[in-house]
Amino acid sequence: MRQKRSIFLVVMVAVLICAAWLTGCSVLGIAAKLPSAISGHTDPDTVREAMPAYLTLADAMVLDDPNDEDTLLAAAKLYLAFGAIFVDGGERLTRLSQRALNYSARALCEEAEQTCGITGKPLDEIERIVMTLGEDDVERLHVFAGSWLLWISSKSDDWGAIAQIPKATRAVERVVELDDGFDGGSAHLYLGILHTLRPPALGGDTEKGRYHFEHAIELGEGKNLAAKVQYAQRYARLVFDRELHDRLLREVLESPVEAEGFTLSNILAKKRAEELLASADDYF
């Protein structure tokens, strides 16, 4: 049954693509709207099964027009969303996040030539480069920074990747400097994760992490339940604060899931909150 359903979804995607061409609509336009459609969906399984077809389509679009900034950005968003929402970790997440990072870096480079090859540059040069970016670059920089973070988190045992945390942090900080509340304050969520990827003894900063998690929750007006789950998992567990951990997760379970831009992630956040609460006695 699952195989038949997957085949059906792929066929439907093909039909939609053909229809788009026949009516003069842009496939890029469809791809650009997919992240919003995904975020508002109420059935994670449907999105999980349909997304691979769109990822392949995004790759084909890039091959057809490899220097188009809008195409590269749309592809990066799709890979970032799929990897962050549906892939728990391991080599598959590394592969998907690497593709998101590659596409987003190329999109940034197309519009801001000084950023080309930015991931391989030293921290002081990255500092200089990001300071040249302005408000018009926020979306591209945000997607790039999120992709970089996802790639680093997928390689948490690789010291070469961990060494890039200060560089990725500076990219995210520049998003905050340019637009503190962009995308519901998600850059603050990124910073919370970055500061708690490592314990203090290895260079992490739990209090900075706490500040950014709380600011992300505030800017998202409490609608982004994933922010509270990340706060509980990455901060409260790291500092062994059982009271904060359980309070945050209970708030998630008591909150409605439907919220513009967050519905799908909220459904998955509730599931994760249940898992974390169930394992709390063993952890603490």
Side-chain angles (χ1 to χ4, degrees), residues 31-32 34-36 38-39 51 55 58 69-70 72-89 92-112 115 118-119 126 129-130 133 135-156 161-162 164-197 209 212-213 215-217 219-220 224-227 229-231 233-234 261-262 264-266 268-269:
L34 273 173
S36 296
I38 291 167
S39 67
M51 276 294 291
L55 295 177
E69 180 263 331
D70 290 332
L72 290 164
L73 188 62
K77 285 181 178 180
L78 289 175
Y79 271 97
L80 175 59
F82 185 71
I85 295 173
F86 293 115
V87 185
D88 291 333
R92 188 185 185 203
L93 182 58
T94 298
R95 291 194 300 270
L96 293 170
S97 58
Q98 179 65 65
R99 193 162 288 249
L101 179 57
N102 175 268
Y103 285 151
S104 60
R106 288 166 59 186
L108 192 61
C109 174
E110 287 296 328
E111 291 298 314
T115 67
I118 189 172
T119 57
I126 289 176
I129 291 170
V130 298
L133 301 177
E135 292 182 1
D136 291 342
D137 302 304
V138 168
E139 182 179 20
R140 289 182 293 274
L141 183 60
H142 182 267
V143 176
F144 165 72
S147 301
W148 202 356
L149 168 58
L150 188 64
W151 179 81
I152 291 172
S153 66
S154 77
K155 297 172 69 67
S156 58
I162 295 300
Q164 296 188 37
I165 288 177
K167 298 180 181 181
T169 299
R170 188 63 196 103
V172 182
E173 287 173 342
R174 184 56 179 160
V175 174
V176 170
E177 292 166 4
L178 292 169
D179 189 345
D180 185 58
F182 183 79
D183 193 34
S186 60
H188 283 283
L189 180 56
Y190 292 167
L191 287 171
I193 294 171
L194 280 164
H195 286 302
T196 54
L197 277 175
H212 287 294
F213 282 129
H215 209 46
I217 293 169
L219 288 169
N224 183 3
L225 302 184
V229 171
Q230 291 291 329
Y231 189 12
Q233 179 178 346
R234 297 182 181 273
F262 299 113
L264 181 65
S265 65
N266 285 349
L268 297 170

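Computed over heavy atoms, backbone and side chain alike; hydrogens, waters and symmetry mates excluded.
- What you find for Ala227 and Ile217 is that their closest heavy atoms are CB-CG1, 3.8 Å.
- Here CD1 of Ile126 is found 5.0 Å from NZ of Lys167. Values are rounded to the nearest 0.5 Å.
- Using a 4.5 Å cut-off on side-chain heavy atoms (C-beta onward), Lys77 and Tyr103 make no contact.
- By the side-chain hydrogen bond (donor to acceptor under 3.5 Å, both in side chains) test, His142 is found to be paired with Ser186, residues two or more places apart in sequence or in another chain being considered.
- Heavy atoms only, all atoms of each residue included: Val143 and Leu80 are closest at O-CD2, 4.0 Å.
- For the pair Gly181 and Leu219, the tightest heavy-atom approach, listed with the atom from each and the gap, is CA-CD1, 4.2 Å.
- Going from atom CZ of Arg170 over to atom CD1 of Ile118 covers 10.5 Å, rounded to the nearest 0.5 Å.
- The side-chain heavy atoms of Asp180 and His188, taken from C-beta on, include a pair separated by under 4.5 Å.
- Of the inter-residue distances, the one linking Ile152 atom CD1 with Thr169 atom OG1 reads 7.0 Å to the nearest 0.5 angstrom.
- With contacts defined as side-chain heavy-atom distances shorter than 4.5 Å, the pair Phe262/Leu225 does not qualify.
- Contact detail for Trp148 and Gln164: the closest heavy-atom pair is NE1-OE1, 2.8 Å.
- Here the side chains of Glu173 and Leu191 are in contact, with some heavy-atom distance below 4.5 Å.
- Taking CD of Glu135 as the start and CG of Asp137 as the end, the distance is 10.0 Å to the nearest 0.5 Å.
- Side-chain contact check for Phe213 versus Ile193: some heavy-atom pair is nearer than 4.5 Å.
- Side-chain contact check for Leu149 versus Leu194: some heavy-atom pair is nearer than 4.5 Å.
- Separation of atoms OH (Tyr79) and CG (Leu101) is listed at 13.5 Å; rounding is to 0.5 Å.
- Using a 4.5 Å cut-off on side-chain heavy atoms (C-beta onward), Leu78 and Met51 make contact.
- No side-chain heavy atom of Leu150 sits less than 4.5 Å from a side-chain heavy atom of Ser147.
- Considering only residues two or more places apart in sequence or on other chains, Trp151 meets the ring pair (Phe, Tyr, Trp, His ring centres under 6.0 Å) condition with none of them.
- To the nearest 0.5 Å, the span separating CZ on Phe82 from CZ on Arg92 amounts to 4.5 Å.
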